[in-house]
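Read through the structure below, which is laid out as structure tokens, and then see the notes.
Chain letters run A, B, ... following the sequence lines, proteins first, then strands; residues in each count from 1. Every heavy atom of this structure was used, including side-chain atoms; hydrogens, water molecules and symmetry mates were not.
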Number of protein chains: 2
Amino acid sequence: MPTLSEVARHAGVTPATVSNVLRNRGRVGATTRQRVLDAVQALGYRPHLAARALAEGRAPTLALMVSSIANPFYPEFALAVERAARTSGHFVIICNTNEDPLSGRAYLEQIAGTLSEGVLVTNANLDFADLHTTEARGTPVVLCMWERPAEPPGLPCVAVDFRRAGELAGLHLLELGHRRIGAIVGSKASGIHAARYEGFVDALRTAGVPKARVKHAADTIQGGYAAARALLESDPKLTAIFATNNLPALGAMHAAADLGLNVPADLSVIGITDIQLARESRPALTTVAVPTVEVAELAVTLLRELIESSYGQQAAGRGTARVPMRTASSPELVVRASTGAPRSR
Amino acid sequence: MPTLSEVARHAGVTPATVSNVLRNRGRVGATTRQRVLDAVQALGYRPHLAARALAEGRAPTLALMVSSIANPFYPEFALAVERAARTSGHFVIICNTNEDPLSGRAYLEQIAGTLSEGVLVTNANLDFADLHTTEARGTPVVLCMWERPAEPPGLPCVAVDFRRAGELAGLHLLELGHRRIGAIVGSKASGIHAARYEGFVDALRTAGVPKARVKHAADTIQGGYAAARALLESDPKLTAIFATNNLPALGAMHAAADLGLNVPADLSVIGITDIQLARESRPALTTVAVPTVEVAELAVTLLRELIESSYGQQAAGRGTARVPMRTASSPELVVRASTGAPRSR
DNA sequence: GTGAAAGCGCTAACAG
DNA sequence: CTGTTAGCGCTTTCAC
């Protein structure tokens, strides 16, 4: 592979000049510039990104921490991030923590600041302390789906109003006339579904509808299946089920089918987030969509800004700076086929 | 961030020595080694990967080219690759071509050899010429799912016997007693489903069963849906449908449902590859699984070997070297609930 | 406008 | 065993 100096030699100039024309830095005469460009063409020169990274003190890559692939939401989000990163000139290294905080830490230890100049975090089951450490070391970190805009975390983030999402789901069910509703809430441990559930509960309370039965479940189809069965067995009169996520909602639909219940005639089902699967299930799942692509874009933009400013002011005024937060636009109800008016029974 | 020389100074040795203990290169006295290790600890030193990449002339990253996310198979495979790469000490940069060869080329232009020392290619709709170019430039390329072991492509690859997969699907249907079978074959353009279909046809022919009706379809649920409807309308007596991929198979199940057909009582459906979706559809899809994880591992291993040898023999004997190919173990039938004996009608 | 020179952080011979 | 000496390929002041 040809190097910068080879190009320089070929063009009869010095490496500095070549570098200048390539990056539109400094002033270069029109004819010299052309000569350099020709040489680049002739030799098929391509800048060595690792070398450039070293010289510039910054690598053109971002690390994206994801927890697993079991939930199709993450790959979908990952691709959205890749697109956003690409338009900002970054490459993305995909770091699968596989739900293991240690694995996540190992990734951060290795590449944060040494191979990637920023870190994006999806719900990756990471140790927050590790994230603070990498931030303290000078590598910006952005959380991608912070669930409660009202309570900023200690790290920069893109917030999504998941409380509102839960509320919208609740309102939809109420409007349809449901009064006896069950709820499937994602695993308590991660606490990530708390806001969604809160919003849902608020909607019911405001409407004066009795609180729903709740069942916690793993964020999987199976988890939702089991939870829905339990819910329906303990209260066969339920006319609707709200799930804080799509996979459990899908599981609930399966459970309904196995119990001989028709969705939505006998049982309405609604979820949150809008993955491809939701569009393609039978019946298609009604859900509250969160603006995934927008979140990815906001996150990448925010990360870039943090990166930029971290190069500017070397840890200046760190203590006083407020932790930045961007809020994505509001979730939106997507009505499909899994919800309808309750059949009187 | 502390540097190697800072560690060296702290430990009262030279950078070279630190480097040696860190990489277990050269001989270092036990006490010196300990002193260095202590300094590393004390300073919280972490090697700068970009700098190392430049010095070594090789980056610890692999590029994974994928075409899209519409088909959940790719993300699933991508994660398998990440796992395999990780155990071989590599990071993976995810390159989404988005079905656009130009986008793929841009990726290759930029990072092949300059930021990543190897390229893994899934069915990414790339221009083969671009791949050959990057290979000629000295960056090894490995194709991840070559479909016909009998006809090596011009590039190193991991082959999967998709012909056999099609055959297994056909045999399964035949064994169940089906004689009137429809086939949904993935888009002709990519030609990627040809082998699967061949195997299927061979199975029928060998059994003396009349050739099936064929319908081409996009590799999506919708595509399969439309194809299945067309198939069933043109021949309502079909008792089974074979699809060369999972998404169309799922679509066929939906079509059956809409036509009032019960799967598998009225219509059996079988697909190829085994994505998560297949396990969770209702009824669960019978399919022929290909060893995804194994393919990922073989691909990474092969790529590593190519990388290693490319550093050894600087383009030596390039012309004569045979293009290496690894073959993954045979596809296997996974019987689930979407296939059964044909109901006599 | 262009060149000279220093250096990013690390590795890799080769000396001692 | 450890230190010296060169770079890897590129960027970036700062002179000229």
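Between the C1' atom of dG7(C) and the CG atom of L54(B) lies a distance of 12 Å, rounded to the nearest Å. E6(A) has its CD atom 9 Å from the P atom of dC10(D), to the nearest Å. Y311(A) has its OH atom 12 Å from the P atom of dT12(D), to the nearest Å. Rounded to whole Å, the distance from CG on N24(A) to P on dT12(D) is 13 Å. Rounding to whole angstrom units, CE of residue M1(B) and C1' of dG9(C) are separated by 9 Å.
Listed by chain and residue number, nothing satisfies the ring-ring contact (aromatic ring centres under 6.0 Å, His included) test with F73(B) (two or more places apart in sequence, or in another chain). Not counting sequence neighbours, the partners of S103(A) by the side-chain contact (heavy atoms from CB on, under 4.5 Å) test are D100(A).
The CZ atom of R86(A) lies 10.0 Å from the CG atom of N96(B); values are rounded to the nearest 0.5 Å. In this structure, CG on L115(A) lies 11.0 Å from OH on Y107(A), to the nearest 0.5 angstrom.
Non-hydrogen atoms lying under 4.0 Å from DNA chain D are contributed by nothing in residues 34-43 of chain B.
Residue pairs satisfying the side chain to side chain donor-acceptor pair (under 3.5 Å) criterion with at least one member in residues 42-55 of chain B, sequence neighbours excluded, are absent.
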(message) With side-chain contact (heavy atoms from CB on, under 4.5 Å) as the criterion, how do F91(A) and T61(B) come out once you've worked through the C-alpha distance, each side chain's angles and the decisive distance to 0.1 Å?
(response) CA-CA 11 Å; F91(A) 300 96; T61(B) 59; over 6 Å; no
(request) Apply the test side chain to side chain donor-acceptor pair (under 3.5 Å) to residues T292(A) and E76(A): give CA-CA distance (whole Å), side-chain angles for both, the deciding distance (0.1 Å), then the verdict. (result) CA-CA 8 Å; T292(A) 315; E76(A) 292 186 21; over 6 Å; no
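Here V18(A) lies out of heavy-atom contact (under 4.0 Å) with every strand. No engagement by G57(A) is indicated, since no non-hydrogen atom pair under 4.0 Å with the nucleic acid exists. Among the protein residues, T3(B) comes within range of the sugar-phosphate backbone only, with heavy atoms under 4.0 Å from sugar or phosphate atoms but none that close to a base.
Listed here is the closest heavy atom pair of C144(B) and L120(B): SG-CG, 3.9 Å. Residues R105(A) and L126(A) come closest through the heavy atom pair N-CD2, 4.4 Å. In this structure, M325(B) and P149(B) approach most closely via the heavy-atom pair CE-O, 3.0 Å. Here the closest non-hydrogen pair linking M1(B) and G113(A) is CE-O, 4.5 Å.
Map H48(A) and A30(B) each onto its nearest nucleotide of DNA chain D; the residue landing nearer the 5' end is A30(B).
Stem analysis of DNA chain D (Watson-Crick or G-U pairs, both distances under 3.5 Å, runs of at least three) returns C:1-11 with D:6-16, C:13-16 with D:1-4.
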Under 3.5 Å between N/O atoms: give me all the protein pairs with nucleotides 11-15 of chain C, atom names plus distance.
residue, atom, partner, partner atom, Å
dT11(C), OP1, R23(B), NE, 3.0
dT11(C), OP1, R52(B), NE, 2.5
dT11(C), OP1, R52(B), NH2, 3.1
dT11(C), OP2, S19(B), OG, 3.0
dA12(C), OP2, R25(B), NH1, 3.4

